[in-house]
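When a ligand or atom number is given, it counts from 1 through the structure's own listing order.
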Amino acid sequence: MKVTGNTKIIGFLGSSYKTSKMYDMYNSAFAELDLDYQYVPLIVDDLGKAIEGVKNLGMKALGVTIPYKIDIIPYLDELDENAQRIGAVNVVVNKNGKLIGGNTDGIGALRALKEKTEVKNKKVVILGAGGASRAIAFSLKDNQAVLTILNRDIKKAEELAKALGEDISFGGYEQLKRELEEAHILINTTPVGMINTDTEGQSLVDMELLRPGLVVMELVSKPRETKLVQDAKRRGCEVVYGYRMLLHQGVEKFKMYTDQEPPIEVMERAMEEISGD
Ligand code: NAP
């Protein structure tokens, strides 16, 4: 791809890029639309200095990932309404020198889920109460799903339930069996099962608790076939893969980066290649 004096740089802030190749997805979309943008992964140790660099170099925007989704907030000039209520940022746009944080995880998850099921009036059990869980929970509540939040640290599940509203159930994983009896959708928003971690090959859910008809959504995208996904398929559940959410949250970011309609098929093709096991 040709780089010019006007090329707009979009940085991807994280602490390690050994497995992520998301820049392939964005750069192939920029090339498709002939947009003079480059998406560049940046490994960051000192967030404050990195943000100063973004401003001084006039970078156009940032994608933000673990571990900076919350830590970046004090360095930004503004948060949009969505990022404010979630309390986490996965995208930053530089508007005339002002850095504005947003969050596309909720809409990305909703789009991925809607490829397989409606959510209105469906009972949804969410495992985890971290940043991704918060984004998804608000988005599902806006779409009238009936939520239960389960987390290892029950206090965090309670905090999230209270932030969402009066009628949201919460608890610990010992409630899984009971909660799944009437659930339509189960979402794992924890990193359990992720490659190169001490929970690789593990799942928080006993296979026996999964039953045909349940929609099981996995946020972990490496590996694609986590233990939870494998168990869900064996038990006849409908599966929503982590890479589908990754695609859709990226499609939303592309719109914010460029103010253009994204070439979804091109991004989808790149994502298939990136996310293959
Ligand atoms: P986070 O804010 O650090 O939250 C992590 C959550 O997982 C917490 O609820 C934590 O429970 C729980 N957890 C962590 N380790 C656990 C374990 N060994 N056993 C049980 N629970 C455990 O992280 P996040 O930003 O929400 O991200 C969570 C996962 O979602 C990551 O794997 C991330 O890569 C993935 N993600 C995927 C997408 C996508 O597009 N596919 C988008 C965003 C995030 P405690 O509160 O008890 O510690």
Tell me the nearest of [options] to [atom], using heavy-atom distances.
atom: atom 9 (O) of ligand 1; options: N103, N151, T199, L204; value: N151
atom: atom 46 (O) of ligand 1; options: K69, E218, K156; value: K156
atom: atom 7 (O) of ligand 1; options: G130, P191, G128; value: P191

Protein contact to [atom] [nearest heavy atom, distance to 0.1 Å]:
atom: atom 35 (C) of ligand 1; value: L219 CB, 4.1 Å
atom: atom 34 (O) of ligand 1; value: I66 CD1, 4.0 Å
atom: atom 26 (O) of ligand 1; value: A132 N, 2.8 Å
atom: atom 17 (C) of ligand 1; value: R152 NH1, 3.1 Å
atom: atom 28 (C) of ligand 1; value: T189 O, 3.0 Å
atom: atom 38 (C) of ligand 1; value: M245 CE, 3.8 Å

_I'd like to know whether NZ of K98 has more than 12 heavy-atom contacts from other residues, nucleotides or ligands below 6.0 angstrom._
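Not buried by this count: 12 neighbours or fewer within 6.0 Å.
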*asked:* Given N188, which partner from the list V205, L204, V125 fulfils the side chain to side chain contact (heavy atoms under 4.5 Å, CB included) test?
replied: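 Considering V205, L204, V125, a side chain to side chain contact (heavy atoms under 4.5 Å, CB included) with N188 is found only for L204.
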*Can you name the one residue among L113, V240, I136 that meets side chain to side chain contact (heavy atoms under 4.5 Å, CB included) with M245?*
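It is I136; the other options fail the test.
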Got a donor-acceptor contact below 3.5 angstrom from the [X] side chain to the [Y] backbone?
X: N151; Y: I154; answer: no
X: E200; Y: N196; answer: yes
X: N103; Y: A88; answer: yes

*Under-4.0 Å heavy-atom contact with ligand 1, by part of V192 that carries it*: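 Just the side chain.
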*Kindly state if atom 23 (O) of ligand 1 has a protein heavy atom within a strict 4.0 Å cut-off, that is, under 4.0 Å?*
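No.
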_Heavy atom of protein inside 4.0 Å of atom 3 (O) of ligand 1, strictly below_ =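 Within 4.0 Å: no protein heavy atom nearby.
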*Could you tell me whether T190 and ligand 1 have an N or O pair separated by under 3.5 Å?*
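Between T190 and ligand 1 (N or O atoms, distance only) the closest approach is not under 3.5 Å.
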*Please confirm whether G131 comes within less than 3.5 Å of ligand 1 when only nitrogen or oxygen atoms on both sides are compared.*
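Yes.
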Enumerate, atom names and distances included, each donor-acceptor pair closer than 3.5 Å involving a side-chain atom of residues 52-62, sequence neighbours excluded.
{"residue": "K55", "atom": "NZ", "partner": "D77", "partner atom": "OD1", "Å": "3.3"}
{"residue": "K55", "atom": "NZ", "partner": "D77", "partner atom": "OD2", "Å": "3.1"}
{"residue": "N56", "atom": "ND2", "partner": "E52", "partner atom": "O", "Å": "3.0"}

*For ligand 1, which atoms, with element, lie under 4.0 Å from some heavy atom of A129?*
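Counting from 1, the qualifying ligand atoms are 9 (O).
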*For M194, counting its heavy atoms only, list the atoms of ligand 1 lying under 4.0 Å from any of them.*
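Every atom of ligand 1 under 4.0 Å from some heavy atom of M194: 32 (O).
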*At their closest point, which heavy atom of T65 faces which heavy atom of G14, and how far apart are they?*
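Of all heavy-atom pairs spanning T65 and G14, the closest is CG2-CA, 3.8 Å.
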*Identified side-chain hydrogen bond (donor to acceptor under 3.5 Å, both in side chains) partner of H248 from the options R111, K114, E268, E115*: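 Only match with H248 under side-chain hydrogen bond (donor to acceptor under 3.5 Å, both in side chains): E115.
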_Can you classify the ring geometry of Y39 versus Y257 as parallel (below 30°), tilted (30 to 60°) or perpendicular (above 60°)?_
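Tilted, since the angle between the ring planes falls between 30° and 60°.
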